[in-house]
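Side chains included, hydrogens not; waters and symmetry mates left out as well; all remaining heavy atoms used.
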Amino acid sequence: MRSLARSFVLVAAVASAAKKQKDDKIKITFTNKLDGPATLYVMGKKMHAFAAQGEKHSARSSDGQSWTAHDARGGEVFHYVVREKDGPDQRVDVSRGVSRRTIMSIVESEDHHLHRVDGGGDANAAGCADPVRAGDRVNVVATGVDGAPRLSFSDHVVHAVGDSDPADAAWIVEGDGEGPLFPGGAVFLKSEKHGVYLDAPPPVEGKHVPLLARWRDRGDFQRFMLFKAPDHDDAPLSALCYGDAAYLLAHTRNFVDVSDGAAYARWRHRGDWQSLAFERAAPAPGHEEL
């Protein structure tokens, strides 16, 4: 029995090592460019101590891992986030002041407005020809699924079907303030017809439930954080244009997703099911433009 148990342990260890090798598929070669010794960390764990300038260290890593370096006095002087799209063999200089922040760390920081093309001030410098603005009347379209259905609701449950009543699919988009909507900013969607806000209920008994539209107040359940497509993450934050791919992060730390005619907030990545777009809603009956 002990031999069998050791065999199971050995098999598990080999499988774990194989999985780690598969996950850590990016090779990074760090070169110490600091004037003296430095210590390299990954996700807060000490990995290597550079003794002098010019020394190199190679390691395996994976997409999204955060590397930092501390100088001889213990201060953090370098921060690097690995991106798979930069290739399987990356070479990085450990230099003072070098920093690559993730889009999540940017939008959640107190200075995130400084990363915007308008510097957080000039509402006319949106970096977008036709920005979505707080107060606009919109449809929310699930562009990543067949038929590109619009989000609508009935009996307080949000649906994504192609034959929805236009009145049930019209939303007033709101933010924390006025003007264009930027990544990192809050988005609230209020039903024009019923006056209730879209909300993301937490899982029930470990199972995700559809998005709802129940209440007329704005709280954490009704607040969503706006993101654009991942290929915009390295650029200054520009406003969301009509037709741009938009992603809404719920208070549960999951993005809104659409599948099988229903809307949820289940996963933390931005894929096809999470891709939405805002379009101007058709005028309500009796309010057509002249």
Side-chain angles (χ1 to χ4, degrees), residues 102-104 107-108 131-132 134 136-162 164 168-176 180-194 196-204 206-215 217-233 237 239-281:
T102 64
I103 185 65
M104 189 68 74
V107 300
E108 292 186 329
V132 182
D136 284 359
R137 183 174 179 272
V138 302
N139 294 138
V140 183
V141 184
T143 55
V145 299
D146 291 342
R150 298 174 298 185
L151 296 191
S152 62
F153 78 98
S154 60
D155 296 327
H156 300 295
V157 178
V158 176
H159 306 285
V161 292
S164 58
D168 289 330
W171 305 86
I172 304 299
V173 60
E174 299 178 358
D176 279 332
L181 302 182
F182 281 86
V187 171
F188 301 91
L189 291 170
K190 182 173 71 172
S191 167
E192 182 185 48
K193 179 180 178 180
H194 302 283
V196 293
Y197 287 90
L198 181 76
D199 74 80
V204 176
K207 295 183 179 180
H208 293 286
V209 296
L211 300 186
L212 301 173
R214 299 174 284 180
W215 300 308
D217 57 341
R218 303 190 336 180
D220 289 342
F221 283 18
Q222 291 77 29
R223 177 185 293 269
F224 296 86
M225 182 183 288
L226 176 66
F227 285 76
K228 296 178 79 170
D231 57 1
H232 288 266
D233 287 355
L237 303 180
L240 182 75
C241 255
Y242 279 100
D244 282 349
Y247 302 82
L248 299 180
L249 185 72
H251 67 100
T252 57
R253 311 292 293 173
N254 295 327
F255 286 97
V256 170
D257 67 275
V258 172
S259 66
D260 297 326
Y264 301 87
R266 294 178 288 187
W267 297 297
R268 300 194 174 189
H269 66 275
R270 286 171 284 170
D272 288 344
W273 287 5
Q274 290 77 27
S275 181
L276 306 171
F278 291 87
E279 63 180 24
R280 286 188 172 85

**Asked** Would one find more than 12 heavy atoms of other residues, nucleotides or ligands at under 6.0 Å from atom CG of Asp231?
**Response** yes
Exercise for review: Report, as yes or no, whether the 6.0 Å neighbourhood of atom CG on Asp217 holds more than 12 heavy atoms from other residues, nucleotides or ligands.
Suggested key: yes
Checking [X] side chain against [Y] main chain: does a donor-acceptor pair fall under 3.5 Å?
| X | Y | answer |
| --- | --- | --- |
| Asp136 | Val173 | no |
| His208 | Pro203 | no |
| His251 | Arg223 | no |

If I compare all heavy atoms of [X] with all of [Y], which pair ends up nearest, and what's the gap?
| X | Y | result |
| --- | --- | --- |
| Pro131 | Tyr242 | O-CE1, 3.7 Å |
| Trp267 | Gln274 | CE3-NE2, 3.6 Å |
| Tyr197 | Gln222 | CB-CG, 3.5 Å |
| Pro201 | Leu212 | CG-CD1, 3.9 Å |
| Ala239 | Asp244 | O-OD2, 4.2 Å |
| Ala186 | Asp176 | CB-OD2, 3.5 Å |

Could you grab the distance from atom [atom1] of [X] to atom [atom2] of [Y], nearest 0.5 Å is fine?
| X | Y | atom1 | atom2 | result |
| --- | --- | --- | --- | --- |
| Thr252 | Phe224 | OG1 | CZ | 8.0 Å |
| Lys228 | Asp233 | NZ | CG | 10.5 Å |
| Phe227 | Leu276 | CZ | CG | 13.5 Å |
| Ser275 | Tyr247 | OG | OH | 4.0 Å |
| Arg253 | Met225 | CZ | CE | 7.0 Å |

**Request:** Apply the test side chain to side chain contact (heavy atoms under 4.5 Å, CB included) to residues Asn254 and Leu249: give CA-CA distance (whole Å), side-chain angles for both, the deciding distance (0.1 Å), then the verdict.
**Result:** CA-CA 6 Å; Asn254 295 327; Leu249 185 72; 5.6 Å; no
For Asp168, the salt bridge (Lys or Arg N to Asp or Glu O under 4.0 Å) test, sequence neighbours excluded, returns Lys193
Result for side-chain contact (heavy atoms from CB on, under 4.5 Å) between Leu189 and one of Ile172, Leu198, Val196, Leu211 points to Leu198
- Task: Measure up the Trp215 and Phe221 rings against each other and bin them: parallel (under 30°), tilted (30 to 60°), perpendicular (over 60°).
- Result: tilted
Open item on the list: Pair Arg150, Glu279 - check side chain to side chain contact (heavy atoms under 4.5 Å, CB included), show working.
Closed with: CA-CA 10 Å; Arg150 298 174 298 185; Glu279 63 180 24; 4.0 Å; yes
* Tyr264/Val158 under side chain to side chain contact (heavy atoms under 4.5 Å, CB included): CA gap, chis, key distance, verdict -> CA-CA 9 Å; Tyr264 301 87; Val158 176; over 6 Å; no
Please report the C-alpha distance between Val145 and Trp273 in whole Å, then the side-chain angles of each, then the deciding distance to 0.1 Å, and finally whether the side chain to side chain contact (heavy atoms under 4.5 Å, CB included) criterion is met.
-> CA-CA 6 Å; Val145 299; Trp273 287 5; 3.9 Å; yes
